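Hydrogens, waters and symmetry mates play no part in the numbers below; they use all other heavy atoms, side chains included. A quick note: this is a predicted structure, and the numbers were derived from the prediction, not measured. Labels below follow one simple rule: chain letters A, B, ... track the order of the sequence lines, proteins then strands, and each chain is numbered from 1.
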There are 4 protein chains.
Amino acid sequence: MASASAHGGDRRPSVSGGSTRVAVLGASGYAGAIAAMLIHRHPFFELAHVTARSEAGVRLDDLHPRTRVPMELERWDADAQSDVDAALVCWPHGVAAPAVAALRERGVRVVDLSADFRLRDRGVYEDWYGEHGAPALFGKAVYGLTELHRDAIAGADLVANPGCYPTAALLALAPMARAGLIGDVVIDAKSGVSGAGREPQDSTHFVTADENMTPYKVPRHRHTPEIEQELEGQGARVTVTFTPHLVPLAQGELVSCYVTPGREHDDGEVADAFDRAYAREPFVELRLGPPAVLDVRETNFCRLSVHSDPRTGRILAFAAIDNLWKGAASQAVQNLNLMFGRDEREGLA
Amino acid sequence: MASASAHGGDRRPSVSGGSTRVAVLGASGYAGAIAAMLIHRHPFFELAHVTARSEAGVRLDDLHPRTRVPMELERWDADAQSDVDAALVCWPHGVAAPAVAALRERGVRVVDLSADFRLRDRGVYEDWYGEHGAPALFGKAVYGLTELHRDAIAGADLVANPGCYPTAALLALAPMARAGLIGDVVIDAKSGVSGAGREPQDSTHFVTADENMTPYKVPRHRHTPEIEQELEGQGARVTVTFTPHLVPLAQGELVSCYVTPGREHDDGEVADAFDRAYAREPFVELRLGPPAVLDVRETNFCRLSVHSDPRTGRILAFAAIDNLWKGAASQAVQNLNLMFGRDEREGLA
Amino acid sequence: MASASAHGGDRRPSVSGGSTRVAVLGASGYAGAIAAMLIHRHPFFELAHVTARSEAGVRLDDLHPRTRVPMELERWDADAQSDVDAALVCWPHGVAAPAVAALRERGVRVVDLSADFRLRDRGVYEDWYGEHGAPALFGKAVYGLTELHRDAIAGADLVANPGCYPTAALLALAPMARAGLIGDVVIDAKSGVSGAGREPQDSTHFVTADENMTPYKVPRHRHTPEIEQELEGQGARVTVTFTPHLVPLAQGELVSCYVTPGREHDDGEVADAFDRAYAREPFVELRLGPPAVLDVRETNFCRLSVHSDPRTGRILAFAAIDNLWKGAASQAVQNLNLMFGRDEREGLA
Amino acid sequence: MASASAHGGDRRPSVSGGSTRVAVLGASGYAGAIAAMLIHRHPFFELAHVTARSEAGVRLDDLHPRTRVPMELERWDADAQSDVDAALVCWPHGVAAPAVAALRERGVRVVDLSADFRLRDRGVYEDWYGEHGAPALFGKAVYGLTELHRDAIAGADLVANPGCYPTAALLALAPMARAGLIGDVVIDAKSGVSGAGREPQDSTHFVTADENMTPYKVPRHRHTPEIEQELEGQGARVTVTFTPHLVPLAQGELVSCYVTPGREHDDGEVADAFDRAYAREPFVELRLGPPAVLDVRETNFCRLSVHSDPRTGRILAFAAIDNLWKGAASQAVQNLNLMFGRDEREGLA
């Protein structure tokens, strides 16, 4: 994980002679708008294009005033908008894959925020998502959970940005997976309403969501195979029980993990595993008490705590992130920083 | 459970010649105020006294306008206010016990909303709550989860009203406990801010609680032994993992239960267990899809769903209640109805 | 106003031999669903039909669980559903008028919750709303602000239920209008998100509305002529400045009125005007301190306060209602009670 | 207003040889914590001390994690903590004045966020606030509404930072005041709950504030004389009607101003007055449609719109700010920038 050359460094030059230009596809959505804002404010990258479908022609700072990005949304055109060094693709799964392929064919480095390139087993992808939109490129991406795959990301041309739930769950579980501690795990996740996207619908109407909460996608949410794949990569082969819930806040996500240990251990071992994993991580805040989502709102931070329960023998780990930031847009920029040899904290502090 | 004489009937006469008078102790708190409101509107009971400590002298409808109870809060005086047939005691654990004892000595039937009489093992009580305030009366109450102990409640003079989390968790788990299906269980609970009481504090300040959520009392919340005791009563001896979370809504509670079955079974057996348990229950709404807390707000209903997950072999059960109603005040009235031979729905529909 | 025979009485018999049957048109909307719920629970009326367009075939308690009305929504059919004594029409203006006309032709008494029959001047209607959908019936309704027109409502076959803002504003201003005190008035109104209707749209998305507030329809909101017409009816010919604001709560409305007195007066005179107007009103709560909307949530109450400001010479009046209850559904039932000779409080206490 | 040398410039050197050190007094409060965060992140200033009373000894990033300021809160000691070039005093009125005097005696430049130095007429101060805590210094401050007093602030040693309501109201009204357009004005203001401070109390309990709204301090809020004083400074001698309301959001403030023009005018004249005033202002965003508070959250921006109402002849102006940022902490930093010859945008973009 945090290697000697932690936080990146000047490993790879920019491809363009002058500034390093970035396009954000799907900047009208919540995550895309934040991604555009972060690139616009970034000291190294230059925001070259922002695209949208139905809102093409509208200025981004009219659609999302808080971004204060005074650029017009363009309709996506692979040829016209490939005059960039990199792209952040903020489209839904399925439609993202062909756009990613078109960008890669034109030599553009990509961080894809959809689910299209996260899985490594095509059968699993098709089981959970259906047919893939760019089969030739399937399996070619690096999974972009920065804290787990920093070095590979730094050398990648295509990064699959993790889902919001896997980001939080894997940060909570990876140290235990590596230590061989996970026998079984229940993941109970809670997310704010922005996770459901910007399209108005009954479930996101203020009158429906306010003062309410409910589980959803029971018992089969698409982030499940992604969590299992990456846990296996960390050494824990386990079938996870994962249930998300909708709670009445705009941004923020809390993941509560209930681990049944797979072997004998003592508490100090658990603490050591977490300290070792995160002591030098710039965006992981390990805490003694349980994390609160407001404390990471509009940041790239993940706040974590881990607790042993002597009564039950279980280990409890809690992780809080902003689903639109560390769970999407800001982690994409963290990855993009590494892909261009920058300090991963640049533009995010 | 729901016996042939379900919903009560005319089993026991009122003790007083005329109307049946009820005192609500601690009516300045959230649950107490609602209890007072429900008694005030009740077609059979008469609200005789409402008490409070620091707000004595204030009218209840000034302190809690929504109750529209135009009565003055009195300072508690066992002798002066025992001219009643029954009392709902809405005081914190520890201080509740002596008041309950004083009322019982004067022949008043009591529903106690504190934790003081819920546990049957005194060692367990002292381990989780400290010294008991009325040891002579310890163990003498009927546990007031109506759907589990209807007949015993109907004959009781002292009922220990369940905690809000046990109410929801036990309704979700009891059918599986009775069917011998619970090998192990993780209970992840989420509650609105009213659960923390009316005393202003940092954690309940709007600016702290709004747009936030966090686990609390990790890993040892006092409702745990209560859940275990009652599960054992239903046939499941299990050490439960229970973690509550604070979410940004005023009233409402959702309990997500992850059961590892203790034996082979098929899905139909689970469905049957729930149908059998709740088909005739007036206040349990069994649903195919997951429940939402807003749908039970300000009602005595519990909404439930149960789901088998073929991937993991787990059974998931979700229960939604209003923590101040079915989780406290309205369940107390449901019990009081039974204690006086009334239809348990009276004043609650 | 509150006449000697206040709160109605047995003035008019029901038209049907048996029970008095009521249809609710547009029961899928927020106000319509509450209207259906109130009729369903009503001791005198029987809910005969609930209608909806796109949700026809769905059960109302599936669409709006809190109503707990186990009836299927039907597509509206004037002939098939006119087997009722009365109808509450909860449709938008424009489309409501023809349905109201069809019902009246079949002898059904109607409370129309749209704006179609509120105005008495057709030119004003067309200026603010466009062409009218049932010109022959224009001007034939009684304006249904119960506290102002109780006697006329009791004798009416067609009542135009007031808009939510006019309800609150007129209750705050009528006593001053009658006393000749209003020289000029600024009305600053704030409403919860349910006022924007159930149709999902950008402005009602939780992520847009939460933690936000904004004025809207500046400077021309359609409730303005309705307020002016009724103020004139109370003796105050004035061009009002009226601005609504959207605030982040589901239900509730607060109207702040800033009156520049039109003549010399003393404070006692203002107090007397309000006391005289509302001392005997069952649903108006006159308070010394400013009202809070939560105190009237899900009730037919209006809470009011009035304050003289010696520095500026202005009179300030504040009124809080639930926009879906007193501002729509429950006031419709209050009126229906009167139209059928019932106590206006029936089914609303 | 925005002079040729807009946004400051290198007018005044820092007093210290090395870095420019700043203390924040009262950093445990909401505004103080944000002020400390802004100084901590500031490229020019160095955060030297953060003080608190009851939380002394606690780290600021434990008390307010979002600040991520890893400094211990100290108890205030005028001698020990005057080793700074400047101080932001975030204490309540009354107690702020003596601390400000102690700092000024030691040569420290001060921005005081309390009300103690905002008024110029001592009688008015005493009438609204009581006895003053440092009479010798009364009247010696520059009123720190940056857009109105930029040049004077740049040369000041003591700046009285405006109240949150006056900031928004004056930005909305100043262009009309200077143009002689204000005959009379009603100001209806709405603020989030953070405006009530961090001290837990009934009115800020989540259960009280959520889903609620209410006017407060009717008809006499202390920001009134401050608004009148500054309007007079801009040429409008007027007795304002000002009423604040509490609305259920954490941060954000909207001020709705209803101006009765004092003379004949045409619409173009109003538009010109606003364009002239704000075209070059870095932190005022003039919009055609009404502003929404979420669009300025956690920024130093004020969003403004102005509308003529031909029906009533009134001019409506709306201003949205973040009450803790432009209404307090970030405006203090904007002023501090100017006092030290920096670009006023430094550390705020």
Against chain D, label Glu228(C) side chain, backbone, both or neither, depending on which of its atoms sit under 4.5 Å from a heavy atom there. side chain
Against chain D, label Val247(C) side chain, backbone, both or neither, depending on which of its atoms sit under 4.5 Å from a heavy atom there. side chain
Does some side-chain heavy atom of Thr243(C) sit less than 4.5 Å from a side-chain heavy atom of Arg314(D)? no
Does some side-chain heavy atom of His245(C) sit less than 4.5 Å from a side-chain heavy atom of His245(D)? no
If I measure from the heavy atoms of chain C, does [X] come under 4.5 Å with its side chain, its backbone, both, or neither?
{"X": "Ala250(D)", "answer": "both"}
{"X": "Asp184(D)", "answer": "side chain"}
{"X": "Leu254(D)", "answer": "both"}
{"X": "Ser308(D)", "answer": "backbone"}

Quick check: closest heavy atoms across Asn212(D) and Leu294(C), and the distance to 0.1 Å? OD1-N, 2.9 Å
To check you understand the geometry: which heavy-atom pair defines the closest contact between Val293(C) and Glu211(D), and what is its length? CG2-O, 3.9 Å
Is there any residue in residues 201-208 of chain C with a non-hydrogen atom under 4.5 Å from a non-hydrogen atom of chain D, and which ones are they? Val207(C), Thr208(C)
Count the heavy-atom pairs under 4.5 Å between each of [options] and chain D, then report the option with the highest count.
{"options": "Met213(C), His307(C), Arg220(C)", "result": "Met213(C)"}
{"options": "Val186(C), Leu316(C), Leu246(C), Val240(C)", "result": "Val186(C)"}
{"options": "Pro215(C), Pro248(C), Gly192(C), Pro290(C)", "result": "Pro215(C)"}

If you round to the nearest 0.5 Å, how far is [atom2] of [Y] from [atom1] of [X]?
{"X": "Tyr258(C)", "Y": "Ile187(D)", "atom1": "OH", "atom2": "CD1", "answer": "10.0 Å"}
{"X": "Asp188(C)", "Y": "Lys190(D)", "atom1": "CG", "atom2": "NZ", "answer": "3.5 Å"}
{"X": "Thr241(C)", "Y": "Ile315(D)", "atom1": "OG1", "atom2": "CD1", "answer": "11.5 Å"}

Take a 6.0 Å sphere around CZ of Arg237(C) and say whether it holds more than 12 heavy atoms from other residues, nucleotides or ligands. no
Heavy-atom pair count under 4.5 Å with chain C, highest-scoring of Pro291(D), Ser305(D), Gly252(D), Ala320(D): Pro291(D)
